Every structure is written in C-alpha cells, then in structure tokens.
K.L.:
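I'd like to ask you about the structure that follows.
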Amino acid sequence: MQAGASVALGMSGGVDSAVSAALLLRAGCRVLGVTCRFHDDEASVQAEADAAAVCALLGIPHVVCESAASFERCVVQPFVDAYAQGLTPSPCVSCNACCKMPSLLEAASEHGCDNVATGHYARIARLTRNGRFVVKTALDARKDQSYMLSLLSQEQLSRLVLPLGAMTKTDVRLIAADLGLHVAEKPESQDNCFVEGDYRDFLRERGVRDEPGDIVDRTGAVLGRHGGLANYTVGQRKGIGIAAEEPYYVVEKRAGTGQLVVGFAEDTLIRAVRVRAMNWQAFESLDEPCGAMVKLRYRSRAVPCIMEPEGSGGVRIELRSPQPTTAPGQYAVLYEGDTVLGGGMIEEVEQA
C-alpha cells in the first residue's frame, strides 16, 4: 500500500487491531479507527473504551459504527436457526463476510477512506495468472486465520489490508508494550462473542426448545433417549448418557426424525463432504476435478482431497483418506499451498 493511503481499521479494543493501527501509521497511512457496535453489553462498552484510548494515544480519529441490527440479522439469528435445524454453525466465518466487512466498507465510504484493514493473522495477494484476489495463510501457522476469511468476496478482498500477516503474536505484544498501549497483555477474545456461558442456555432463551428423541445406532436400534438435539455436537464423546464397554460418539443429528445417531470410534470416520454454495477466491468456478488440501474445521489440520464440481456451483470434496467426522454447518476451506482456493458451508457428510 502506498504512503498517504487512507484506511478504515476495524478496532475491537484488543492488542491485534491496536498494533495494526501503529503499523499502518508507520507505513505512512492515514488511519481511521472504526469500532463496530454489534451488541450492547459490558464487554462491548469496555471494548469501545479500549479502542478509543488506543486511538487517542496514537493520535488518530475514532468512530463507532452501529451494526447491531446487521449482526442480529446476519449472525445471531442464523446461529439460532442452524441449531434448531440440527446443524453445528461456525458464526465467525460468516460474520466476517456478511457483517464485519460490510460494516467496515460502509464506514470507509462514509469517511472517504480508500481501504479497510483488520487485525487478522493472514495475508492478501493478487494472482498473476488471472488477477483475482486471494487470502493466504499467515507466516505464523499457530495464529493463522485464513480459514475465517474464506467467504470474502473479490470486492472485499480488493480493499482489505492485513498488517499482521507476517508477524507472530509475541511480536505484536512486544510492539504494543514498547508503544505503552494498555491493551498489550489483554487476553484473547472468545469465539462466539454474543454467547456468555453455555450456548445451550442461550438457545433456550432464543426459543429453541429441547425436543426429546431416540438415541439410535447406525442400524436404527434404539439405545436410549436424549433431551434435545441442540444439546449435542457431532463428534462428541462425553455426556451422551449411554453406558457401554466401548465409548459411543455422536455421528449424526437427524432433525427430521429427532434421532441422535451414535457409534463407536470407527463409525466417526468420513470419506467426503458436500458443499452446495462455494465462495471461490482463486478462480470463478471449478470446472473439473482436481487435487487440493482441505480444512474441515478451523482448528483442524489441512488434509489432501479431490474436489469435484457438482450442479448449481456445488462441490463434493473426497478425502484421500478417512478423517474424523465434522458437522454439517461447519465450513470446508480448500487450499493450494498457502493460498485459499475457496470455502463454503458443509451441508452433508459421507461416512467412510
């Protein structure tokens, strides 16, 4: 980015966005600190105060963007609806593309900024072969957040700057301490920022009822009763409530019948997943089967796969070797080396 560029930086009140602001200033950018107010609670008030204090110390303007209605519509309600449908959602992935980035871009337009920036640990690049913008992994693999940015569009990526892509968390905290920023040792934020305590209590407050049903094995034999599908996660081992010599795992939640399907360890392996709505970054569409790497959860490692195009822009991702199951509602993110090819929500899994 050229010196003198104006950047609207998303500031959460944490150390990552604070140091991002300092690095942009060092690069000669004009920086506007933008805090998106997604909900009104004590943590949000503190985050706004921390962001404002950092901006004051660095000598940059700070604004608060009211985004609660968008957050409710794009993140919270889909999270509740997904659990009610038997899915296991990953709200932070969709939030970045559907709520945070649109809010930042709106603030940038309102205040005349050329670009937007966040404190994510990832990098943005433009491919020489077709000119498309892509997310690349952070140089610090332990902090890599490229998975979380896999749904970003070309328009969003073309204006996004990620100052921390080549840094470690230790480096970031040292810079913050050297600058005298009071957020230098602030703890990491939680993943689901709108859920305090047990997510199941939150779902009940939002009207998701605990509908009891049968616990069955893969053959359909009834083994017991459960207290509501939303109380369980695919892959869960503890807390199922069935005594056996070999531990049971949750392998499927059937919202249509209300059945919780369990099995033993070998039953948890899957051979493929299906995504019906892919967001491709590295190319416009997948025209033929080809090899790639895939992450089936944010914290999982990437594994080899074959991605096969299906009708209406969907893709079947066949795993080179069986892998531990993932839950519909999570995201499959495809990689070629350090480059994100695309990502989309898993709608179906195929057992091994």
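Note that the structure is predicted; figures quoted are calculated from it, not measured.
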K.L.:
Would you say that V273 contacts T326 through its side chain, given a criterion of any heavy-atom pair below 4.5 Å between the two side chains?
P.N.:
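Yes, side chains in contact.
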K.L.:
I'd like to know if the side chain of R123 and the backbone of G165 have a donor-acceptor N/O pair within less than 3.5 Å.
P.N.:
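Checked: no pair found.
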K.L.:
Begin with the C-alpha distance, continue with both residues' side-chain angles, and end with the deciding distance and a verdict on side chain to side chain donor-acceptor pair (under 3.5 Å) for S321 and Q323.
P.N.:
CA-CA 6 Å; S321 60; Q323 297 296 319; 3.2 Å; yes
K.L.:
Given 3.5 Å as the limit, does a donor-acceptor pair link the side chain of Y147 with the main chain of Y331, or not?
P.N.:
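Pair found, side chain donor or acceptor close to backbone of Y331.
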K.L.:
Is a salt bridge present between R276 and E347, judged by a nitrogen-to-oxygen distance below 4.0 Å?
P.N.:
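Judged by the 4.0 Å cut-off on N to carboxylate O distance, R276 and E347 do form a salt bridge.
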K.L.:
Passes side chain to side chain contact (heavy atoms under 4.5 Å, CB included), K169 versus V15? Steps please.
P.N.:
CA-CA 9 Å; K169 187 74 174 194; V15 65; 3.8 Å; yes
K.L.:
For residues V183 and V45: do they belong to one hydrophobic cluster (side chain heavy atoms under 4.5 Å, members Ile, Leu, Val, Met, Phe, Trp, Tyr)?
P.N.:
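As far as the 4.5 Å side-chain criterion goes, V45 and V183 are not connected within one cluster.
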K.L.:
Assigning hydrophobic clusters by single linkage (Ile, Leu, Val, Met, Phe, Trp, Tyr; side-chain heavy-atom cutoff under 4.5 Å), is V250 placed with L269?
P.N.:
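No.
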K.L.:
Would you say the side-chain atoms of N279 pair up with the backbone N or O of S150, donor to acceptor, closer than 3.5 Å?
P.N.:
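Checking the backbone N and O of S150 against the side chain of N279, a donor-acceptor pair under 3.5 Å is found.
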K.L.:
Counting N and O atoms only, with roles assigned by atom type, does the side chain of Q145 sit under 3.5 Å from a partner on the main chain of Y121, one being a donor and the other an acceptor?
P.N.:
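Yes; at least one donor-acceptor contact below 3.5 Å.
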K.L.:
Using 4.0 Å as the upper bound for N to carboxylate O, is an ion pair formed by R237 and E246?
P.N.:
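Salt bridge between E246 and R237, a charged N being under 4.0 Å from a carboxylate O: no.
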K.L.:
Are R274 and I346 close enough that some pair of their side-chain heavy atoms sits under 4.5 Å apart?
P.N.:
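Of all side-chain heavy-atom pairs linking I346 with R274, none is under 4.5 Å.
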K.L.:
Quick check: is L152 connected to V34 through a chain of hydrophobic side chains (ILVMFWY, heavy atoms under 4.5 Å apart)?
P.N.:
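Yes, one cluster joins them.
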K.L.:
Hey, are R271 and E350 close enough for a salt bridge, meaning a charged N less than 4.0 Å from a carboxylate O?
P.N.:
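Answer for the salt bridge query: yes.
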K.L.:
Passes side chain to side chain contact (heavy atoms under 4.5 Å, CB included), V333 versus V340? Steps please.
P.N.:
CA-CA 7 Å; V333 178; V340 172; 4.1 Å; yes
K.L.:
Is there a path of hydrophobic side-chain contacts, each under 4.5 Å between heavy atoms of I/L/V/M/F/W/Y residues, joining L203 to Y232?
P.N.:
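No, Y232 and L203 fall in different hydrophobic clusters.
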K.L.:
For the pair D81 and Q85, evaluate side chain to side chain donor-acceptor pair (under 3.5 Å) and give the outcome as yes or no after the intermediate values.
P.N.:
CA-CA 6 Å; D81 293 342; Q85 296 164 15; 5.4 Å; no
K.L.:
Determine, using ring centers only, whether F202 and F194 are less than 6.0 Å apart.
P.N.:
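Ring-ring flag for F194/F202: true, centres closer than 6.0 Å.
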K.L.:
If I compare all heavy atoms of S94 with all of L151, which pair ends up nearest, and what's the gap?
P.N.:
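Taking every non-hydrogen atom into account, CA-CD1, 4.1 Å.
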K.L.:
Starting from M307, can I reach V135 by hopping between I/L/V/M/F/W/Y residues whose side chains sit under 4.5 Å apart?
P.N.:
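V135 and M307: separate clusters.
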K.L.:
With side chains defined as the heavy atoms from C-beta onward, is the minimum distance between T88 and K253 less than 4.5 Å?
P.N.:
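They are in side-chain contact.
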K.L.:
Using side chain to side chain contact (heavy atoms under 4.5 Å, CB included), reason through L162 and L149 one step at a time and then give a plain yes or no.
P.N.:
CA-CA 11 Å; L162 301 175; L149 304 178; 3.9 Å; yes
K.L.:
May I have the step-by-step check of side chain to side chain contact (heavy atoms under 4.5 Å, CB included) for V93 and Y298, ending in yes or no?
P.N.:
CA-CA 9 Å; V93 180; Y298 174 39; over 6 Å; no
K.L.:
Classify the ring geometry between F79 and Y83 as parallel (under 30°), tilted (30 to 60°) or perpendicular (over 60°).
P.N.:
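Ring orientation, 0 to 90° scale: perpendicular.
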K.L.:
Which heavy atom of L286 sits nearest a heavy atom of V315, and at what distance?
P.N.:
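Nearest pair, atom of L286 first, then V315: CD2-CG2, 3.8 Å.
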K.L.:
Taking all atoms of both residues into account, what is the closest heavy-atom pair of A292 and L341, and its distance?
P.N.:
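Closest heavy-atom pair between A292 and L341: CB-CD1, 4.0 Å.
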K.L.:
When you check the gap from the basic side-chain N to the acidic O, do E252 and R218 get nearer than 4.0 Å?
P.N.:
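Looking at R218 together with E252, the answer is no, because their closest N to O distance does not fall below 4.0 Å.
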K.L.:
More than 12 heavy atoms of other residues, nucleotides or ligands under 6.0 Å from CD of E266: is that the case?
P.N.:
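Yes - once you tally the heavy atoms of other residues, nucleotides and ligands closer than 6.0 Å, there are more than 12.
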K.L.:
Is it the case that the side chains of D144 and T137 hold a donor-acceptor pair, with the cut-off being a distance below 3.5 Å and no angle test?
P.N.:
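Absent: no donor and acceptor within the cut-off.
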K.L.:
Is the closest side-chain donor-acceptor distance between K295 and S300 under 3.5 Å?
P.N.:
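No, because no side-chain N or O of K295 sits under 3.5 Å from a partner of the opposite role on S300.
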K.L.:
So do the side chains of V80 and V208 get within less than 4.5 Å of each other, counting heavy atoms only?
P.N.:
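Yes, close enough: below the 4.5 Å cut-off.
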K.L.:
Is L32 close to V63 at the side-chain level, that is, under 4.5 Å between some pair of heavy atoms?
P.N.:
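Touching, per the 4.5 Å side-chain cut-off.
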K.L.:
Without swapping roles, check the side chain of D16 against the backbone of H120 for a donor-acceptor pair under 3.5 Å.
P.N.:
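The answer is no, because no donor-acceptor pair under 3.5 Å joins these two groups.
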K.L.:
Carefully, step by step, assess N231 and H226 under the rule side chain to side chain donor-acceptor pair (under 3.5 Å).
P.N.:
CA-CA 9 Å; N231 298 316; H226 67 78; over 6 Å; no
K.L.:
Between the main-chain N or O of Q281 and the side-chain N or O of Q154, is there a donor-acceptor pair closer than 3.5 Å?
P.N.:
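Confirmed, Q154 side chain pairs with Q281 backbone.
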K.L.:
For Q236, does its backbone N or O pair with a side-chain atom of T233 as donor and acceptor, under 3.5 Å?
P.N.:
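No; judged by distance alone, with no hydrogens or angles, the pair does not exist.
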K.L.:
How about CD on E155, more than 12 heavy atoms from neighbouring residues, nucleotides or ligands closer than 6.0 Å, or not?
P.N.:
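For E155, atom CD is not crowded (no more than 12 foreign heavy atoms under 6.0 Å).
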K.L.:
Quick one: does S17's side chain have a donor or acceptor within less than 3.5 Å of a partner on S12's backbone?
P.N.:
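Checked: pair present.
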K.L.:
Do I242 and I215 have side chains that approach each other closer than 4.5 Å (heavy atoms only, starting at C-beta)?
P.N.:
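Of all side-chain heavy-atom pairs linking I215 with I242, at least one is under 4.5 Å.
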K.L.:
Is the distance between the ring centroids of F264 and Y249 under 6.0 Å?
P.N.:
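No, too far apart.
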K.L.:
Shortest non-hydrogen contact from G291 to I306?
P.N.:
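The pair with the smallest heavy-atom distance is CA-CD1, 4.0 Å.
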K.L.:
Does the side chain of L127 come within less than 4.5 Å of F133's, by heavy atoms?
P.N.:
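With C-beta onward as the side chain, the pair stays apart.
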K.L.:
Where is the tightest heavy-atom contact between R73 and P78, given as atom of each residue plus distance?
P.N.:
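It is O-CD, 3.3 Å.
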K.L.:
Checking R204 now: which residues fulfil salt bridge (Lys or Arg N to Asp or Glu O under 4.0 Å) with it, not counting sequence neighbours?
P.N.:
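Residues passing salt bridge (Lys or Arg N to Asp or Glu O under 4.0 Å) with R204: D201, D210.
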K.L.:
If you look only at distance, which donor and acceptor atoms sit under 3.5 Å apart when one is on a side chain in residues 100-108 and the other is two or more places apart or in another chain?
P.N.:
residue, atom, partner, partner atom, Å
S103, OG, S67, OG, 3.1
S103, OG, C99, O, 2.8

K.L.:
For K136 and A125, which heavy atoms make the closest approach, and how far apart are they?
P.N.:
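It is CE-CB, 3.6 Å.
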K.L.:
Keeping to residues at least two apart or across chains, list the ring-ring contact (aromatic ring centres under 6.0 Å, His included) pairs with something in residues 4-43.
P.N.:
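Qualifying pairs: F38-F71, H39-F71.
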K.L.:
Can you establish whether the number of heavy atoms outside E66 located under 6.0 Å from its atom CD is more than 12?
P.N.:
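Buried by this count: over 12 neighbours within 6.0 Å.
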K.L.:
Give the intermediate values and the outcome of salt bridge (Lys or Arg N to Asp or Glu O under 4.0 Å) for residues R37 and E72.
P.N.:
CA-CA 11 Å; R37 180 182 293 159; E72 171 67 27; over 6 Å; no
K.L.:
How about Q46 and S44: does a side-chain donor come under 3.5 Å of a side-chain acceptor?
P.N.:
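No - no donor-acceptor pair under 3.5 Å links their side chains.
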